[in-house]
Trainee: 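Structure incoming, see below.
The sequence lines fix the lettering, A, B, ..., with proteins before strands; numbering per chain opens at 1.
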Number of protein chains: 2
Amino acid sequence: MTTTVRVLLADDEHLIRGALAALLSLEDDLLVVAEAATGPEALAMARAHAPDVAVLDLQMPGADGVKVATSLRTELPACKVLIVTSHGRPGHLKRALAAGVRGFVPKTVSAQRLAELIRTVHAGNRYVDPELAADAISAGDSPLTAREAEVLEHAADGAPVAEIAERAALAEGTVRNYLSSAASKLGAENRHAAVRLARERGWV
Amino acid sequence: MTTTVRVLLADDEHLIRGALAALLSLEDDLLVVAEAATGPEALAMARAHAPDVAVLDLQMPGADGVKVATSLRTELPACKVLIVTSHGRPGHLKRALAAGVRGFVPKTVSAQRLAELIRTVHAGNRYVDPELAADAISAGDSPLTAREAEVLEHAADGAPVAEIAERAALAEGTVRNYLSSAASKLGAENRHAAVRLARERGWV
DNA sequence: GTCCGTCCCTGACATTTGTCATGCCCGGTG
DNA sequence: CACCGGGCATGACAAATGTCAGGGACGGAC
């Protein structure tokens, strides 16, 4: 005998969410009990409906899937989290696993496969997409120190050094130093390319 | 009496494409005759099946929705194009309309609404999402000259000026000049922020 | 035809950014 | 304890970037 799995669906794209809800409803052991379009909404819905499995998009307005997962971990430990994403960055996978996420797959999987995976994580097992896992392993850990990452983040929008220095409460020379060492660690020509690379790998 | 509308579905995310195909099939006047995951594939499928309406994702590997639309316009003038997108940048809408696209909507619409819109464009009418249209109008036209845009594009990945100069066959001083004027037109502090802004508005 | 505005292009100069040598503090090792 | 090694922080110098004034080409207005 199979019990019914109560599912929460969170994705900012109505089109996908609705379509997915319809498709998952075709599986007679899955029941979509709630939908959400933003991070905070997902959290509220989870509190209200206490689903067995939460399917979260990685990028949502308000709070991303990993942040929601972190909150759920403490508030609803019984609720398993499965993350789906369009652009899989290595660092995100690592953060997701650290947040107690049970599954991590790209949106290129079929709905059929997603249904299977919902059952898999509900049964207490884990699953991460092999390709994303390989990427994460080959990309490895972030080589950046805490300050380097912090400064790089402040530099992300192309702000001049003076502004970064003020925001980080550091001397300009120090900021330049961190940016420079971050860039060389990442193999980038300059800080802007470094920002791009760090973003791609999910390290900022 | 309503005739059957033959639809081509192109999106790189299996999950969405499959779900969408299933949902649109519920409408008895819509028939999904082909699916594609990349730009070139969409083009090939369109040639093979000559659909009435092509529903294209804006961002796909190989060639984006607008490029595909441009090719379709000459090869299959009878095929109406409807573009769906997750992140609507003002400039994209403009380029899309210039390419003869009949509809332009964000992925936040419901499947029900999408089905209606497929009928709308099939009937020969146009439809663009009001909010996206408002954004496009308020953002206005690109204030950048041809050269400014070209140089800005070369600068997009954070390359040093010397490299940009070589790629564009210009003196370094000239390149700096274009970058500077582009930045000031966009109200950016420096060229990197300028690149970011131009991207957001879809001007590069 | 001549004027005016705009785009395209350039080199010289000022400013910002990247690199280097250096010093402090802290935790782990012998 | 004395000695690393690594992260944190700084200022001085070299290199890249941004700014400026100006010149040539072209098209539309008068």
Trainee: Output, in order, the C-alpha distance, side-chain angles, deciding distance and verdict of salt bridge (charged side-chain N to carboxylate O under 4.0 Å, His left out) for A/Arg196 and A/Glu200.
Mentor: CA-CA 6 Å; A/Arg196 219 170 33 79; A/Glu200 276 175 21; 3.4 Å; yes
Trainee: Taking the side chain of B/Asn177 as its heavy atoms from C-beta onward, which of C/dT10, D/dT19, D/dC8 lies nearest to it?
Mentor: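 My answer, after comparing the listed nucleotides, is C/dT10.
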Trainee: Quick check with a 6.0 Å cut-off and a 45 degree axis cone: is A/Arg119 positioned over the face of A/Tyr127's six-membered ring?
Mentor: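 No, A/Arg119 does not sit over the ring of A/Tyr127.
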Trainee: Please pick, from D/dT19, D/dT10, D/dC8, the nucleotide with the shortest atom-to-atom distance to any side-chain atom of A/Leu170.
Mentor: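 Looking only at heavy atoms from C-beta outward on A/Leu170, the closest nucleotide is D/dT10.
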Trainee: Heavy-atom nearest nucleotide on DNA chain C for B/Val175 versus B/Asn190: which residue maps closer to 5'?
Mentor: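 Going by which nucleotide is closer to the 5' end, it is B/Val175.
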Trainee: Find the distance A/Ile164:CD1 to D/dA9:P and express it as a whole number of Å.
Mentor: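 Atom-to-atom, A/Ile164 to D/dA9, this comes out as 15 Å.
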Trainee: Looking only at side-chain N and O atoms, does B/Arg147 come under 4.0 Å of OP1 or OP2 in C/dC9?
Mentor: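 So the side chain of B/Arg147 is within the cut-off, an N or O lying under 4.0 Å from OP1 or OP2 of C/dC9.
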Trainee: Between CE of B/Met60 and CG of B/Asp57, what distance do you get to the nearest 0.5 Å?
Mentor: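 Answer rounded to 0.5 Å: 6.0 Å.
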Trainee: What is the distance, rounded to the nearest whole Å, between atom CG of A/Leu186 and atom P of C/dG18?
Mentor: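 One finds 13 Å between P of C/dG18 and CG of A/Leu186, rounded.
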Trainee: Hydrogens and angles aside, do A/Gln59 and A/Thr85 bring a side-chain donor and acceptor to less than 3.5 Å of each other?
Mentor: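 A/Thr85 and A/Gln59 do not have a side-chain donor-acceptor pair below 3.5 Å.
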Trainee: May I ask you to evaluate whether B/Arg191 reaches the phosphate of D/dT17, defined as a side-chain N or O under 4.0 Å from OP1 or OP2?
Mentor: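 Checking B/Arg191 against D/dT17: at least one side-chain N or O falls below 4.0 Å of OP1 or OP2.
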Trainee: Please give, in whole Å, the distance from C/dT19 P to A/Glu189 CD?
Mentor: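 Those two atoms, CD and P, are 10 Å apart.
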Trainee: From C-beta outward on A/Ser180, which listed nucleotide comes closest to its side chain: D/dG18, C/dT19, D/dC8?
Mentor: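 Nearest nucleotide to the side chain: C/dT19.
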Trainee: It should be established whether A/Thr145 places a side-chain nitrogen or oxygen under 4.0 Å from OP1 or OP2 of nucleotide D/dC8.
Mentor: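 Yes, within the criterion.
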Trainee: For B/Leu152 and D/dG18, give me the distance from atom CG to atom C1', rounded to whole Å.
Mentor: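 So the CG-C1' distance, B/Leu152 to D/dG18, works out to 14 Å.
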Trainee: Atom CD of A/Glu148 to atom P of D/dG6: distance rounded to whole Å?
Mentor: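 Spelled out: CD on A/Glu148 to P on D/dG6 is 13 Å.
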Trainee: Between D/dG11, D/dT17, C/dG11, which nucleotide gets closest to the side-chain atoms of B/Pro160?
Mentor: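 Output: D/dT17.
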Trainee: For a quick test of reading the model, state the closest non-hydrogen atom pair linking A/Glu172 to A/Val161 and the distance between them.
Mentor: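 Heavy atoms only, the tightest pair is O-CG1, 3.8 Å.
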Trainee: Nearest to the side chain of B/Thr174, heavy atoms from C-beta on, is which of C/dC9, C/dT19, D/dT19?
Mentor: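 Among the listed nucleotides, the one closest to the side chain of B/Thr174 is C/dC9.
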Trainee: Closest-nucleotide mapping onto DNA chain C: is B/Tyr178 or A/Ala159 further toward the 5' terminus? I mean the 5' end.
Mentor: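 Mapping each residue to its closest nucleotide by heavy atoms, the 5'-most match is B/Tyr178.
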Trainee: Whole-Å distance between C/dC20 P and A/Glu172 CD?
Mentor: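 Going from A/Glu172 (CD) to C/dC20 (P), I get 20 Å.
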Trainee: Roughly, in whole Å, what's the span from NZ in A/Lys185 to P in C/dT19?
Mentor: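 In whole Å, C/dT19 P and A/Lys185 NZ are 14 Å from each other.
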Trainee: Specify the separation, in whole Å, of atom CZ of B/Arg176 and atom P of C/dT10.
Mentor: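 Result: 12 Å.
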